[in-house]
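Atoms within a ligand are numbered from 1 in the order they appear, just like the ligands themselves.
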Amino acid sequence: MCGIVGYIGNKNAVNITVEALKRLEYRGYDSSGVASISNDGNLLIEKKKGKIRELEQALSKQETAACHLAIAHTRWATHGEPNENNAHPHSDNAGVIALVHNGIIENYKALSERLKKNGSVFKSETDTEVLAHLIGYFYKEGVQLIEAVRSALKLVEGTYGIAVVSTREPNTIIAARKGSPLIMGIGKDEYFIASDVSAIIIHTKKVIYLQDEELVSVNFNGFDFSTLENETIQPTISEIDWDAGESEKGTFKHYMLKEIFEQSNTIENAYRGRLIEAGATARLGGLNMSMAELHKIKKIILIACGTSYHTCILGKYLVEKMARVPVQIDYASEFRYRNPIIEEDTLVFVISQSGETADTIAALREAQAKGARVMGITNGIGSTISRETDGGIYIHAGMEVGVASTKAFTSQVTILYLLGILFGRMRNLSHVDGLHYMGELKKIPEKVDRITQQSDKIREIAKKIVDSRNALFLGRDVHFPVALEGALKLKEISYIHAEGYPAAEMKHGPIALIDEEMPVVAIAMKDVLYDKVFSNLQEVKARKGRLITIASEGDDQLHKISEEVIYIPHTIHELQPLLSVIPLQLLAYHVADLRGLDVDQPRNLAKSVTVE
Ligand code: G6P
C-alpha cells in the first residue's frame, strides 16, 4: 500500500528518498513521486505512473543534485485511477507546499466544496490534494507551516500519515500521523521520515514512532514533537533489532520463493526459547499474564484478515482440540462493525503479519472498547498492533517481502500450536502429552526442508495446470484452512480463479464445476479422516476432475486416482498443516512464475492494507 519517505541532511535527498521508495515497492503501488526544493527556492515535483524506475528516468540529475531535503511517495490508488495527476506529492493552490499522504480523508468532498468557493482549482481526483489545499488555505503570511498543518488536520475526518514541505521554509519537513503508520529515523546529522522501517533501515536503526494526532517538525539541527493541540512531547527513541540483510533476495529468483524456503528456520524461530521441558509447556512471556489469569480464560477470540485469517481458522481447530477452550474466529472487517458480544474471561488475539492492517487495528480497538484484554500475534516489531495491544507474541519470522504471505503463516500457526500447549497444560493435557507435542514440533524444520527439496518436481506439476482458468482446493479438519490458503495463494499471484472448500462440502456446490479441465488439489494425509477424504476424492475422479493430491509418504492408494501425487513426511495431525501448506505455496509460486507474472508484487494487491 502507499509508502512515504522523507529526508533532510547533507546528502542528495532526492536520490536517498527514491532509493528508499524501492525498498517499499514490495508493499504494492501503482505510481510514485518525489518533491524537493531547488537551490533557487522553487518546488520541484516529479511524478510517474508505473514503476519507480520510470520516476528515476524522469528526474533531472542536475536540478536535484543539490537538494538536501525531499519527500517521496508510492501510491496505491484509492480515490482516482493510477495516473500522474493523481500520484503524490500534491501541491496547494499557490504552489508553495508539497504533501505526501497515506490514509483516507473521509470528509474530502465537503472540504473541497468549501475550498472551491475560496478559489481552489483541483488538478486531481484525490482526497490528498484537498488536504494540500486546506493546508495552503491556512498558510497565510506570517503563519508557520506547522501551524497551518495543525489547523488543517483539526478539520480532517479519516486517517493520515503525511509529510509536508514548503518553499517558504525550505529547511523543514513537517510530518503527522493519525491511523497510518509513520516513523522518524535519526541518523548522524540527518533525519528520515518513513511509513515503514524497511525503507530506512540501511541508514539508521534509531527511530521514533509517531503516535496518533502527533506532529513532528524536523530541520537540519533537530526535531520537535507536539500534539494536534500544540502540547510539546518528549518522544521515546527505539532501537530496531533487525538486520538490513534480511531483506535481500540472495540467489532466489523471487522473495516469495526465498521466503518459502526459509520456513524451516522461521518455524524454529517462532518456538525457540519458548518450550519448557520441565513443565512440558510453552512460555509466552509477552502475554504479561499470570498463570492464574490464564487459567481463568473461558473463551478465545481470534481476529485477522487475509492469510492471517486462515491462521485463525486453523487456530480454532488446534486450540479447541489441544486445550478444550472454545475459540471464536472473525474477519477483522466484520468484527469491527457487527457489535460483537465479548463476555468476561474472554481473551482476544488479533493476528497480523505487518501489525498495521487497518481493519485489524480497528477490531483491536473495538474489542478493547468493549472491555476485552487484547493480545497481538505479529511480525511487525514496534508496529501499531504491537504497541496498542495489552500484550502479545512476536512470530520472529524476519521481514516478509513477497506480497503473498508464506513464512508468516507457518510462524503464526506455530504460535497457535504453542498456545494450544500452554492452555492445554492448564486443563486436560497431561505432562506426557505436552512433551509429545513439543518433541514432534522440534522435528518439523527438517521435514519442511524435505518438502522444499521437491520444488523442481512441483514445478513440473505446475506446468500441467499453468493454463487452467479455475482450480479447486480440498481438505478436511486442519487441512480445510490449508485448502483455503492454497487457493488464496494461487489466485493472488497467478490470477487463476481458485476456491478452497471442506472436502465433503464440495457436494453442495463446487462439484457442479468439475470436469476434465478442472484441477482439484486435495490434501489427503494418512490420518483419522483419510478414508472419508478418499471417498470425497473418488467423487471428483468419477466426474473426470484432474486430481493432484498431497499425500503421506508411503501412501499406496492415492496414486491410483490421482494425475499427480506430492508425498510429504508424516507428523502428528495437529502439526500436519505446517507441512501440507508448503507444496501448495510452491505450486502457486511455480504456476505464477511459469505464467511470467510479477510474483512478488501481484496486481492490485498490497502487502500491508492500511486503509479500511
Ligand atoms: C494483505 C496481504 C496479505 C495478508 C493480509 C493481512 O492482503 O496481501 O498477504 O495476509 O493483508 O495482512 P496482515 O499484515 O494483517 O497479516
Side-chain angles (χ1 to χ4, degrees), residues 1-3 24-29 76 78 179-181 195-198 254-256 259-260 266 270 302-315 329-336 349-365 374-389 392-413 415-416 481-482 484-495 500 581 584-585 588-589 592 598-612:
M1 214 142 254
C2 303
L24 294 182
E25 278 190 298
Y26 75 96
R27 294 165 60 99
Y29 71 104
W76 187 86
T78 57
S180 291
S195 52
D196 184 328
V197 168
S198 56
H254 293 101
Y255 281 105
M256 182 180 176
E259 286 158 6
I260 293 171
T266 49
L302 304 176
I303 306 170
C305 302
T307 288
S308 299
Y309 177 69
H310 295 156
T311 303
C312 296
I313 310 178
L314 195 41
I329 53 178
D330 252 297
Y331 280 116
S333 54
E334 292 299 310
F335 181 91
R336 63 182 292 190
F349 285 87
V350 287
I351 306 178
S352 172
Q353 186 285 127
S354 60
E356 300 293 354
T357 302
D359 281 324
T360 312
I361 294 170
L364 137 66
R365 291 175 183 161
V374 185
M375 301 292 154
I377 297 177
T378 68
N379 197 27
I381 293 176
S383 60
T384 305
I385 287 179
S386 73
R387 284 180 288 123
E388 290 197 14
T389 37
I393 308 162
Y394 281 122
I395 63 171
H396 297 306
M399 189 173 167
E400 189 179 66
V401 175
V403 164
S405 185
T406 50
K407 63 176 179 173
F409 175 73
T410 45
S411 295
Q412 290 167 350
V413 171
I415 298 298
L416 266 299
V482 174
L484 291 177
E485 180 57 11
L488 178 64
K489 286 294 85 93
L490 188 70
K491 78 179 112 183
E492 278 181 315
I493 59 171
S494 74
Y495 317 143
V581 75
L584 304 192
Q585 295 169 341
Y589 169 78
D598 191 347
V599 173
D600 286 329
Q601 291 164 42
R603 70 181 180 206
N604 302 341
L605 294 176
K607 181 70 188 155
S608 170
V609 179
T610 50
V611 294
E612 187 174 343

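No hydrogens or angles considered: a donor-acceptor pair under 3.5 Å links the side chains of E25 and Y29.
Protein residues lining ligand 1, listed by chain and number: C305, G306, T307, S308, S352, Q353, S354, T357, V403, S405, A606, K607, V609 [non-hydrogen atoms, distance under 4.0 Å].
When the side-chain contact (heavy atoms from CB on, under 4.5 Å) test is applied to A362, the partners found at least two apart in sequence or on another chain are R336. With sequence neighbours left out, the side-chain hydrogen bond (donor to acceptor under 3.5 Å, both in side chains) criterion links S308 to Q412. In this structure, Y331 has no side-chain hydrogen bond (donor to acceptor under 3.5 Å, both in side chains) partners at least two apart in sequence or on a different chain.
Under the 3.5 Å distance criterion, the side-chain polar atoms of N379 are matched with a main-chain donor or acceptor of G398.
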Apply side chain to side chain contact (heavy atoms under 4.5 Å, CB included) to Q353 and K607, showing your working. CA-CA 9 Å; Q353 186 285 127; K607 181 70 188 155; 3.7 Å; yes
